[in-house]
Amino acid sequence: LKKTLEKVSDFCKGSLINEVCGIIGHDSSKYIFQEGKNIANDPRNNFVLDPLQYLLFKNKYKTLCIFHSHIVGDETPSDFDILMSENSCIPFLIYSLNTKKFYLYKPKNLETDLDLLGKLDSKIINYNNSIND
């Protein structure tokens with residue numbers, strides 16, 4: 001999982017102009033990281049993951065969360081992030097380019113593996129704490 005978080009971080013750092021997005025999932029033996037295509041009309045200020053990409057991913061792997069970057073501000077979810085996470089029942093992993101930290105927003109109704117999500121949550125805490133050291 002640490003390597004997966006590093007992949008997300010590296011991918012997010014690759015775009016300083018527009019938000020990037022993707023998916024983290026799991027198959028029977030490993031975590032899966034997939035870069036996404038941000039198809040938002042205003043990719044500087046928000047993201048929209050291509051729905052076809054999500055469906056193809058979901059058919060092949062267990063979806064753990066959707067990730068995206070914040071190029072302005074911190075890793076706190078926006079009102080739009082919260083709304084989209086709640087509507088989709090999918091956790092959102094947010095990476096801030098400014099603070100270099102992650103935030104995992106978990107909607108009230110989840111459609112994911114809670115054990116795997118808990119492991120991801122603990123790795124995020126360790127990752128964020130290592131930034132402060």
Side-chain angles (χ1 to χ4, degrees):
L1 260 177
K2 182 179 179 186
K3 288 182 183 181
T4 302
L5 289 176
E6 288 170 355
K7 286 180 185 178
V8 171
S9 170
D10 290 343
F11 179 58
C12 291
K13 290 174 187 173
S15 177
L16 303 177
I17 297 170
N18 294 321
E19 289 189 6
V20 298
C21 59
I23 311 167
I24 297 174
H26 193 271
D27 67 10
S28 59
S29 63
K30 64 184 178 296
Y31 290 92
I32 310 296
F33 161 84
Q34 188 176 93
E35 295 179 5
K37 181 178 180 186
N38 184 352
I39 62 170
N41 290 333
D42 182 12
R44 178 157 177 78
N45 294 307
N46 57 47
F47 83 98
V48 175
L49 180 68
D50 184 340
L52 180 58
Q53 179 184 4
Y54 172 73
L55 290 173
L56 292 172
F57 186 91
K58 185 177 178 176
N59 285 336
K60 192 169 182 181
Y61 307 108
K62 288 182 182 176
T63 302
L64 190 56
C65 64
I66 292 174
F67 72 84
H68 72 280
S69 61
H70 279 181
I71 56 175
V72 176
D74 65 13
E75 65 278 10
T76 305
S78 67
D79 291 342
F80 183 75
D81 293 336
I82 292 168
L83 179 65
M84 292 297 98
S85 178
E86 292 292 340
N87 286 341
S88 65
C89 301
I90 302 168
F92 276 20
L93 178 64
I94 303 161
Y95 180 79
S96 167
L97 295 176
N98 292 323
T99 65
K100 307 205 178 354
K101 291 183 178 182
F102 286 100
Y103 185 94
L104 182 63
Y105 180 82
K106 293 171 253 181
K108 292 174 188 70
N109 296 307
L110 292 171
E111 283 192 10
T112 191
D113 184 308
L114 294 178
D115 184 47
L116 294 175
L117 193 64
K119 290 177 183 176
L120 176 62
D121 213 5
S122 68
K123 287 293 180 190
I124 289 167
I125 292 167
N126 291 340
Y127 184 96
N128 287 346
N129 286 340
S130 71
I131 298 298
N132 293 331
D133 293 343

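Treat the numbers as computed from the prediction; the structure is a model and nothing was measured.
The side-chain heavy atoms of P91 and L110, taken from C-beta on, include a pair separated by under 4.5 Å. The side-chain heavy atoms of I32 and K60, taken from C-beta on, include no pair separated by under 4.5 Å. Contact annotation: the side chain of Y31 approaches that of L116 to within less than 4.5 Å [non-hydrogen atoms, C-beta and beyond]. N45 is not listed as a side-chain neighbour of S78, based on a closest heavy-atom distance of 4.5 Å or more. Side-chain contact between L117 and L104 is present, with at least one heavy-atom pair separated by less than 4.5 Å.
Taking OG of S88 as the reference point, atom CG of L83 lies at 9.5 Å (rounded to 0.5 Å). Here the straight-line distance linking atom CG of L5 with atom CD1 of I124 works out to 5.5 Å at 0.5 Å rounding. Summarising the geometry, atom OG1 belonging to T76 is positioned 7.0 Å from atom OH belonging to Y103; distances are rounded to the nearest 0.5 Å. The CD1 atom of I94 sits 11.5 Å away from the CD1 atom of I66 when rounded to the nearest 0.5 Å. Once rounded to the nearest 0.5 Å, the distance linking CE of M84 with NE2 of H68 reads 11.5 Å. Y105 OH to L93 CG: the interatomic distance, rounded to the nearest 0.5 Å, is 14.5 Å.
Listed by first then second residue, pairs satisfying salt bridge (Lys or Arg N to Asp or Glu O under 4.0 Å) with a partner in residues 76-91 read E86-K108, not counting sequence neighbours.
Considering only residues two or more places apart in sequence or on other chains, K100 meets the side-chain hydrogen bond (donor to acceptor under 3.5 Å, both in side chains) condition with none of them. Take T99 and apply the side-chain hydrogen bond (donor to acceptor under 3.5 Å, both in side chains) test, not counting sequence neighbours, and it matches E75, S96. The side-chain contact (heavy atoms from CB on, under 4.5 Å) check on P43 picks up N18, N38, with sequence neighbours excluded. Residues passing the side-chain hydrogen bond (donor to acceptor under 3.5 Å, both in side chains) test with K62: none are found, sequence neighbours excluded.
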List the steps, then state whether ring pair (Phe, Tyr, Trp, His ring centres under 6.0 Å) holds for F33 with F67.
CA-CA 10 Å; F33 161 84; F67 72 84; 5.5 Å; yes
Going through the checks in order, is the side-chain contact (heavy atoms from CB on, under 4.5 Å) test met by I71 and R44?
CA-CA 8 Å; I71 56 175; R44 178 157 177 78; 3.2 Å; yes
Kindly determine whether V20 and Y95 satisfy side-chain contact (heavy atoms from CB on, under 4.5 Å), including the steps that lead there.
CA-CA 10 Å; V20 298; Y95 180 79; over 6 Å; no
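Under the 3.5 Å distance criterion, the side-chain polar atoms of N59 are matched with a main-chain donor or acceptor of L55. In this structure, N128 contributes its side chain and F102 its backbone to a donor-acceptor pair below 3.5 Å. With hydrogens and angles ignored, the 3.5 Å screen pairs a side-chain donor or acceptor of Q53 with a backbone N or O of K37. In this structure a side-chain-to-backbone donor-acceptor pair under 3.5 Å is present from N98 to G73.
A chain of hydrophobic side-chain contacts below 4.5 Å, direct or via other Ile, Leu, Val, Met, Phe, Trp or Tyr residues, connects L114 to L64. Under a hydrophobic clustering in which Ile, Leu, Val, Met, Phe, Trp and Tyr are joined whenever their side-chain heavy atoms come within less than 4.5 Å, directly or via other members, I24 and F11 fall into the same cluster. F92 and V72 are assigned to two separate hydrophobic clusters, defined by single-linkage of ILVMFWY side chains at heavy-atom distances under 4.5 Å.
Here L56 is tied into one hydrophobic group with L52, each link being a pair of ILVMFWY side chains closer than 4.5 Å.
Checking Y127 against S9 by side-chain atom types alone, a donor-acceptor pair falls below 3.5 Å.
When the shell of 6.0 Å around CG of D10 is examined, it contains more than 12 heavy atoms from other residues, nucleotides or ligands. Open room surrounds NZ on K3; 12 or fewer heavy atoms of other groups in view lie less than 6.0 Å from it.
Between I82 and P77 the shortest heavy-atom distance is CG1-CB, 3.9 Å. The minimum heavy-atom distance linking N46 with A40 is given by the pair OD1-CB, 3.2 Å.
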